[in-house]
K.L.:
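One structure is given below, represented as structure tokens, and several questions about it will come after.
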Amino acid sequence: MSALSKWSFKVSSFIVGEDFWRGIVAIIVFLIFWEIGSRSEALFGFAFPWVGQVPAPSAVLKEIYRLIQEPSFWHSGYLSTRRVLEGFFAAMLVGIPLGLAMAVSRTFYGITFPVFEVLRPIPPLAWVPAAIIFWPTQELSIAFVTFLGAFFTIVINVIGGAQSIDVRYFQAARSMGSSTFDIFRRIILPGVLPSIVVGATVGIGITWAVVVAAEMISGGGSAGSMGGAAGGGLGFFIWNSYVGGSYTQIVAGMISIGAAGYMSSAILRKIGQLLTPWLAEG
Amino acid sequence: MQYQQRAGTRVKSLVFGALITFSALAANPSTDVAQAAAVKDYGKQGEPIELVIGYQPYYTESWSGVIMRDKKFYEKYLPKGSNVSFQVGLQGAIIVNGMLAGKVDIGYVGDMPGIVSTSHPDVRDIRIVSVLGLGYDQCNVFLVRTDAPTFGSSDDALKWLDGKTVAVPKGSCTDRFAQAVFKAKSLKPSEYLNQSIEVITSGFRAKKLDAAVIWEPTASRLVQEGLARRVASGASVNERDGGFMVMPQALIEQRPDVVKAWLQAELDASLFFADPKNAMEIAKMAVSQTTGFQERSLWASAFGSTPKAAGGTDVRIDLAFGFTPEALDLIKKASAFLFEIKSIPSEIRPEAVQPQFTADILKARGLTAPIGQVKAQPDSAYAGN
Amino acid sequence: MTTQPAYTRSSAPVAGVAAQARKGGVRIMDVVKRYGTQDAGVLAVDHCTFDVPAGEITVVVGPSGCGKTTLLNAIAGFHSLTSGSIYLDNEMLCGPGRLKAEPGPDRIVVFQNGALFPWKTNIENVAFGPIMQGYMTRKDALEKARDMMADAGLRGIENNYPGEISSGVRRRVEIVRALMTDPKILLLDEPYRALDSLTKSVMHEALLEIFYKNRVTIFFITHDLEEAIFLGHRVVIMTTRPCKPKTILDIDIPHPRDYNVLTTKRFREFMDETAAAVHEEATKAFAAGEKER
Amino acid sequence: MISAPRGGRGDDTARTKQFEIKSHVMSQTELSHSRGITATRGNTDGHVSTLALTFHRAALWLQSPRPYLMFIGFSLFLGFWYLAVEVWKLPRFAEMPGLTTVVSEWLSKNPTYGLSIFMEEYYLHIWVSTRRIAIAFFLATAIGVPLGLFLGWSKRFKQYVFPVFELLRPVPPLAWVPLAIVMFAGSETPVIFLTFLASFYATALNTMLGVESIDVSYIRAASCLGAKRWQVFRHVIVPGALPFIFTGLQISVGVAWFSLVAGEMVSGQYGLGYVINTSYTMVRYPTIIIGMVTLGIVGYVTSAAIRMLGNYMMQWRTRELALGEER
């Protein structure tokens, strides 16, 4: 079957399949419950617990529609995305070689892994104050915190990937007289690639979570910002709407971050599939 | 087992090597590298200078900074070609952190952050060079939720706080004041939360806070927006508050000309602040440099009047500029208290206060500290809509 | 001397093997199985008909991916049929009206790469069946399990976990687990596929020993012709996908068999006779690039 | 000499196949070898107790070069920190608190900023943070595991519930901070909600993956042996998914700490996140580092506790992996 028809076969079965319809029904029910819940004060006189305070989806949709036309909203989105990418690529640039070095040489692993393991449990956000002191500009401190978010995950996955390469591949390669570099390029890199992709997809998800919080805390929260609204970014946008008291904007901000995070993971998964065709045998 | 022995020997040599290099380096630290890094180089006297000013438009007592930024008085005194950039701090402590990290050169801060900044000479030697203003209800304003009971006097209000949730931005002048009042009146709030002025604002809006101790203009904003009620201030317990200007010793030593120039401009700004007819213009300046504040609440924070029962005062700010006895007394008392609650590692250093600059300038211009006062004006005086 | 076993299963008293009524006979009649929709689907079994005589070992041989496992799954009740019917002791397992049989303790499957529960000790695995069906208390079931394992020469590893013993030993524990519920028929899906030939020969003898002791019907799937002829009373050689019986041979080598059967003239004749047929199907399957279904 | 390092288990790597029974052929001798281990322990019931196993592994660890390498690693790291800040005073490092100041503050009887291991307040912060983690983690497990089991077990349930679950999951838990403060009364519940949310996603998802990773032949074998649907659920699905559930729990504890810190930083009275944040605004630099290191240690201890609980609950896997390690 040609790729196209194979693809159409997959999609058509998805559309007509019951999964799709049941999913739609579930989401509609959820939205209705949310609408009623947040309007409960007006409809039933008493506010439902929790959901009572949350703005109704209809109001949020109106808000999103308004925000989309505002360039400042897209600017915040751009700022956050740039910080995510900066932190993420730095984490890949540093994390992958470090992970590979750890996987390849036992001594290096023995020296660096214990220190790495002690620093790993410290949540990236605990670094925000120290980062603000250490790094000259606020931009760098947020990028540093997002870097930490992805760095640990990527290194762990690279090590895991390298360890799971079957030792027979090494023996086979060595028996065919390949040099250390050949082994590295022919065996270790392709072998580790799938887990690099996994680490990257998980990592970018974490960077999104971290950038939002870092912007909130350093941009607006008690750690305070040098230069007031210069913080910018979606996290700061949500913080500002919170401080300004417009809760619909908060939810709109949350949804946009969710969408952005989802898209970046999806893009990475796609790139991952392209990089490792031998895995995706359908 | 062959692997174990070979790796063992290799490892032992590594450990040995690391120890040698480690001790060699630690033994003879290269001093010249050590010195240069900690002290910032501000250039020779008379040269144009780059200055970063950390100021607080959200702190009325230090509004001389707002006026400086708007009116640019400093351009008259600083060497030609100098470049000054202003950075907003939401809280004095953030400016102090910026100064300790060498990213900010001059700071407009409240009493607690001011004193705390002088207490880290090991990181960076910072000194207090001028008194922006003293007051009773500028930095220390008690606010309670709107649906709290109506109190006969400030004392009843303070007693009500026992067992309630009180929020305060930790490390600010309100933190020192609140802890001093709680100790003096032996009050024990159920929760003493550390929240920024923004979280406190939203806390009152979401009706989650019983009370907060906050500084102007946020106090006036919360009252004007009907989110909270003002019940007491420093005046109710005769506890003074103050705003100070702080500078690194490196700047004072290397560029006394710049320090004098900036303080000359600061004097002009304070005099401008003291003149009641400038009230509306100053309120407009504050609006342009803040977000989320209406002009009326900014005006009220400096020039508005509040009934005595709620801790109101006639003289809202004493623009001291120089180190008046009251200012020195405030610094001494506050630093003793801060040392007691372990906020600063030791009593304030005598050299932390540098009164001679303001004294010389005042003598040169035939003025005496305090150089003016910001008096409360009747609400009718507010000319805005 | 082991104590006289206190357990007796109420419905079928353990009588002498010979006098036992022959049970476990399976009749597969015109079975068709198609996966997926009508036009784009894959036909796995195409009008397959043959009998599995009760009390005997029937071995089905065929190239990989030809649909023999589908047949086994249909008997066990894991998959439904498209058409045709299967009878167990003249009772319809599945057929028109009921296309999917109900899995039950009368037909126990021994899977290709083993299905001992790794989180239960070996003895808990063996005693699993009776405990689940509830006709035995836990104590009695464990006691019977201990005895049956002892019979099969598996003493001493009762409290180990499956992960701690060799896969050959694991396979024997799995067969003992299957026999615990006194099934009518044992369905073995290439059980010795992952073993090296040395262990395989040990396994063959153990299986025959168990078979002679319990006389349970065995339906055995493999792609190893030698194993089929050595074990089977009857060997059914399947065509490539969609599979249906190509030739059915009754191996008249007398039981009980042991290893020197492999070198007898009669065994050689059977090998020559079937090798050509199996080889032909294997190349067809290879050409079609079949992947293990 | 290139060799794939053995051991060094990156336990919460996102490896998809959580456990594979190594279907290698163990000859008869190895059977006795495994009995050999039990013989040396001499415990009666014949299998290897976990305690004995850990001692055994510790002994192995000491003989190998790893402890010395670890010593080098830490001395290099701490050495650089000490040199960079206090001796060389490198540009950006000069303002950071030095190693000696932090350690002396941390271990001093009368710390300048009121927080050291001798101060009662220090343990109060740890206790408050851990209590919040415990509550959130318990709730996430109590709700996440059953939900994950049902999501994996019944197709219909998954078709209805999973889309909504996936709709909410991309929103990072920390984006909920402002909404949580508004939705929940008091200052304690929002923080717990945030921590709960993060670990709930991880637990539910990994449990579901666990159920889906169970080899279908186990389910078929059980139904063959006469187990009814709920018996299959209890005897196959739950134990089979256990390794994944525990991976999920470990990830969820890490993520819980992650969002707890954010919750505490925004508004709070106690807790390690609060300590780190107020030490910043009150310019108590050594206390910031103390807060961070304590957070690291407590975080590490909690996930190690989960790992140990997992190993204990899954005896069969510990022994099997131990045998694998021996080879």
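Here is how names work: the chains are called A, B, and so on, in the same order as the sequence lines, proteins then strands, and each is numbered from 1.
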K.L.:
Can you say whether P111(D) sits under 4.5 Å from chain B via the side chain, the backbone, both, or neither, judging by heavy atoms?
P.N.:
backbone

K.L.:
Heavy-atom distance under 4.5 Å to chain D: side chain of I341(B), backbone, both or neither?
P.N.:
backbone

K.L.:
Is there side-chain contact between T281(D) and Q91(B), with at least one heavy-atom pair below 4.5 Å?
P.N.:
yes

K.L.:
Working note: K342(B) + N110(D), criterion side chain to side chain contact (heavy atoms under 4.5 Å, CB included); need CA distance, chi angles, decisive distance, verdict.
P.N.:
CA-CA 10 Å; K342(B) 285 193 180 299; N110(D) 173 17; 2.6 Å; yes

K.L.:
Any donor and acceptor pair, going by atom type alone, linking the side chain of K208(B) with main-chain N or O of I181(D) inside 3.5 Å?
P.N.:
yes

K.L.:
How about R284(D) and P345(B): do any of their side-chain heavy atoms sit closer than 4.5 Å?
P.N.:
no

K.L.:
Would you say the side-chain atoms of H120(B) pair up with the backbone N or O of Y285(D), donor to acceptor, closer than 3.5 Å?
P.N.:
no

K.L.:
Hey, is CZ on F118(D) packed in by over 12 heavy atoms from elsewhere, all under 6.0 Å?
P.N.:
yes

K.L.:
Does the side chain of Y280(D) come under 3.5 Å of the side chain of K170(B) through a donor N or O and an acceptor N or O?
P.N.:
no

K.L.:
Can you name the nearest heavy-atom pair linking M282(D) to S343(B), along with the distance?
P.N.:
CE-OG, 3.5 Å

K.L.:
Does any heavy atom of chain B fall under 4.5 Å from the side chain of P67(D), the backbone, both, or neither of them?
P.N.:
neither

K.L.:
Per the salt bridge (Lys or Arg N to Asp or Glu O under 4.0 Å) rule, what does the pair list look like for residues 178-187 of chain D, sequence neighbours excluded?
P.N.:
none

